[in-house]
There are 2 protein chains.
Amino acid sequence: MEMTKTETQRPYTQVLGRLRAVGLRPTRQRLALAKLLFEGPDRHVTAEILHGEAQAASMRVSLATVYNTLHQFTAAGLLREIVVDSQRSYFDTNMTDHHHFFFVGTGELKDIPGDQVEVAGLPAPPPGMTVKRVEIVVRVENE
Amino acid sequence: MEMTKTETQRPYTQVLGRLRAVGLRPTRQRLALAKLLFEGPDRHVTAEILHGEAQAASMRVSLATVYNTLHQFTAAGLLREIVVDSQRSYFDTNMTDHHHFFFVGTGELKDIPGDQVEVAGLPAPPPGMTVKRVEIVVRVENE
DNA sequence: GTGATTGCAAATCTTTTGCACTAAA
DNA sequence: TTTAGTGCAAAAGATTTGCAATCAC
C-alpha cells in the first residue's frame with residue numbers, strides 16, 4: 001500500500017532491488033527480463049518465449065543472454081525450473097510450494113497450490129541423501 | 001515355474017510373444033532391444049545407454065532405431081517415458097503405478113512403489129480435461 | 001580502469017527425418 | 001511379393017561455449 005507511489009514513479013525500483021538483493025548486477029538486459037518476468041502475475045516461460053517477448057517490447061537481448069539470465073535467476077532463487085517436457089525447459093516465477101497441471105496437447109502449465117496437497121507414504125530417501133523437492137505433475141489431456 | 005524349461009530352451013519366446021501381443025513385428029533389432037530391456041529386473045534407460053549396451057553385446061542396432069524402438073515400445077504400452085531431466089529422456093520398464101526418486105548429482109532413478117503413496121487435495125482438472133497420470137518426482141541430493 | 005556481462009556465431013547434444021536398402025509375413 | 005522396418009547421413013531444435021566488445025561499479 002504505502003509503496004504504490006514509489007512503484008509508479010520509479011518503475012524499476014522493485015526489480016532492481018531484487019537483483020541487488022541476490023547479488024546480481026542490475027544490467028540493462030537483466031532489468032528488462034526481470035521486468036517481463038516479475039511485474040504482473042506469476043508465469044511460466046521458456047527461453048524462446050521470453051526472448052520473443054523481449055523483442056516484441058523492443059528490448060535488445062540475445063537468446064544466449066536469455067538462457068544465461070534464466071539460469072542465473074534460477075540459481076539465485078528468483079525462478080524455479082520445471083521439468084515436464086523433455087524438449088524444452090520451463091521456468092516458473094512462482095517460488096511458493098506448489099505443483100502443476102501440464103496440458104499435454106498445448107504444452108501449457110497451470111499451478112496447483114501446494115498448501116492444499118498432501119502426500120503420504122513416501123519412503124525415506126537413501127542414507128546420505130536429502131530431499132530437495134517433491135514435485136507433482138498432473139498430466140492432463142483433452143477429452 | 002512351469003515355464004522355466006521353455007524359457008531356457010527358447011530364450012526369445014517371452015519377448016517375442018510380448019512384441020506379437022502388441023502388434024509389433026519381431027525384428028532382429030526389436031528382439032535384441034526387448035531382451036536387454038525386459039529380461040532381468042526393471043530398469044531405467046536412455047537411448048544412449050541402451051545403444052551402448054547393444055553394441056557391447058555385439059548387437060548391431062543403429063541409434064536411430066533405438067530411438068524409434070523406445071518410442072514404439074512406449075506407444076505400445078511396454079515402456080513408460082519419465083521426464084526428470086530436460087537434457088535426456090529416460091524410459092522405464094516398470095509399468096506398474098509408481099513414482100521416482102531422482103538423484104540430481106548422478107542422474108539415476110529409483111522407483112517408489114505406487115501402492116504406498118497417497119496424494120490428497122489435488123484439484124479437479126479443468127473442464128473437458130482428463131487426468132492422464134499423476135507423477136511424483138522426489139529430487140534428492142547428496143548430503 | 002577492471003572485472004563482470006553481453007552478443008554473436010559456432011559448437012554441442014539429443015532427437016528426428018528422408019530415403020534407399022533389407023527383411024518379415 | 002509387399003509392406004514394415006532399418007541404417008545412415010543429414011537436419012533440426014534446444015542449449016552452451018569462446019571470445020572480443022561493452023558495461024557497471
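Every chain is numbered from 1, with letters handed out A, B, ... down the list of sequences.
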Student: Taking CD1 from A:Ile49 and P from D:dA14, how many angstroms apart are they, rounded to a whole number?
Tutor: 11 Å
Student: Give me each pair satisfying salt bridge (Lys or Arg N to Asp or Glu O under 4.0 Å) with a member in residues 47-73 of chain A, each pair once, sequence neighbours excluded.
Tutor: A:Arg43-A:Glu53
Student: Mind checking if A:Arg25 touches a base, just sugar-phosphate, or nothing, with heavy atoms under 4.0 Å?
Tutor: base
Student: Which is true for B:Thr46 with a 4.0 Å heavy-atom rule: it touches a base, it touches only sugar-phosphate, or it touches nothing?
Tutor: nothing
Student: Determine yes or no for a side-chain-to-main-chain donor-acceptor pair under 3.5 angstrom, with B:His98 supplying the side chain and B:Thr96 the backbone.
Tutor: yes
Student: Looking at C:dT12, I'd like to know if its phosphate oxygens (OP1 or OP2) sit under 4.0 Å from a side-chain N or O belonging to B:Gln87.
Tutor: no
Student: Side-chain N or O of B:Thr27 versus OP1/OP2 of D:dT6: is the shortest distance under 4.0 Å?
Tutor: yes
Student: Can you figure out which of C:dT14, D:dA9, D:dT6 approaches the side chain of B:Ala64 most closely?
Tutor: D:dA9
Student: Please check the phosphate of C:dT5 (OP1 and OP2 only) for any side-chain N or O of A:Arg30 closer than 4.0 Å.
Tutor: yes
Student: Does D:dT15 have its OP1 or OP2 closer than 4.0 Å to a side-chain nitrogen or oxygen of A:Tyr67?
Tutor: yes
Student: Check whether B:Phe91 forms a cation-pi arrangement with B:Arg80 (NZ or CZ under 6.0 Å from the six-membered ring centre, at most 45° off the ring normal).
Tutor: no
Student: Are A:Val137 and A:Val83 grouped together when hydrophobic residues (ILVMFWY) are joined by side-chain heavy atoms under 4.5 angstrom apart?
Tutor: no
Student: Does B:Arg20 or B:His71 map to a spot on DNA chain C nearer the 5' end, using the closest nucleotide for each?
Tutor: B:His71
Student: Measure from the side-chain heavy atoms of B:Ser62 and tell me the nearest of D:dT15, C:dG7, D:dC8.
Tutor: D:dC8
Student: Using the side-chain hydrogen bond (donor to acceptor under 3.5 Å, both in side chains) rule, take B:Asp92 and B:His100 through it: C-alpha gap first, then chi angles, then the decisive distance, then the call.
Tutor: CA-CA 10 Å; B:Asp92 191 346; B:His100 295 96; 2.8 Å; yes
Student: I want to verify a distance call: between C:dG7, C:dT15, D:dT15, whose nearest atom is closest to the A:Val61 side chain?
Tutor: C:dG7
Student: Which nucleotide in the list D:dC25, D:dG7, D:dT15 gets nearest to the side chain of A:Pro26?
Tutor: D:dC25
Student: Send over the distance from A:Leu70 CG to C:dT6 P, rounded to a whole Å.
Tutor: 12 Å
Student: Grab the CG-P distance between A:Leu19 and D:dA24 for me, whole Å please.
Tutor: 13 Å
Student: Once you round it to whole Å, what is the distance between C1' of C:dG7 and CE of A:Met59?
Tutor: 18 Å
Student: Please check the phosphate of C:dT14 (OP1 and OP2 only) for any side-chain N or O of B:Ser89 closer than 4.0 Å.
Tutor: no
Student: Write down the distance between CZ (A:Arg88) and P (D:dT15), rounded to a whole number of angstrom.
Tutor: 8 Å
Student: Could you go step by step and tell me if A:His99 and A:Asp111 meet the side-chain hydrogen bond (donor to acceptor under 3.5 Å, both in side chains) rule?
Tutor: CA-CA 6 Å; A:His99 305 288; A:Asp111 284 355; over 6 Å; no
Student: Rounded to the nearest angstrom, tell me the gap between atom CD in B:Gln29 and atom P in D:dG7.
Tutor: 4 Å
Student: Take the protein atom CG of B:Asn68 and the nucleotide atom P of D:dG7, then report the distance between them rounded to whole Å.
Tutor: 9 Å
Student: Can you tell me the distance, in whole Å, between the CG atom of B:Leu24 and the P atom of C:dA25?
Tutor: 12 Å
Student: Less than 4.0 angstrom between a side-chain N/O of B:Gln72 and OP1 or OP2 of D:dG5, yes or no?
Tutor: no
Student: According to a strict under-4.0 Å criterion, is B:Thr65 in side-chain N/O contact with OP1 or OP2 of D:dT6?
Tutor: no
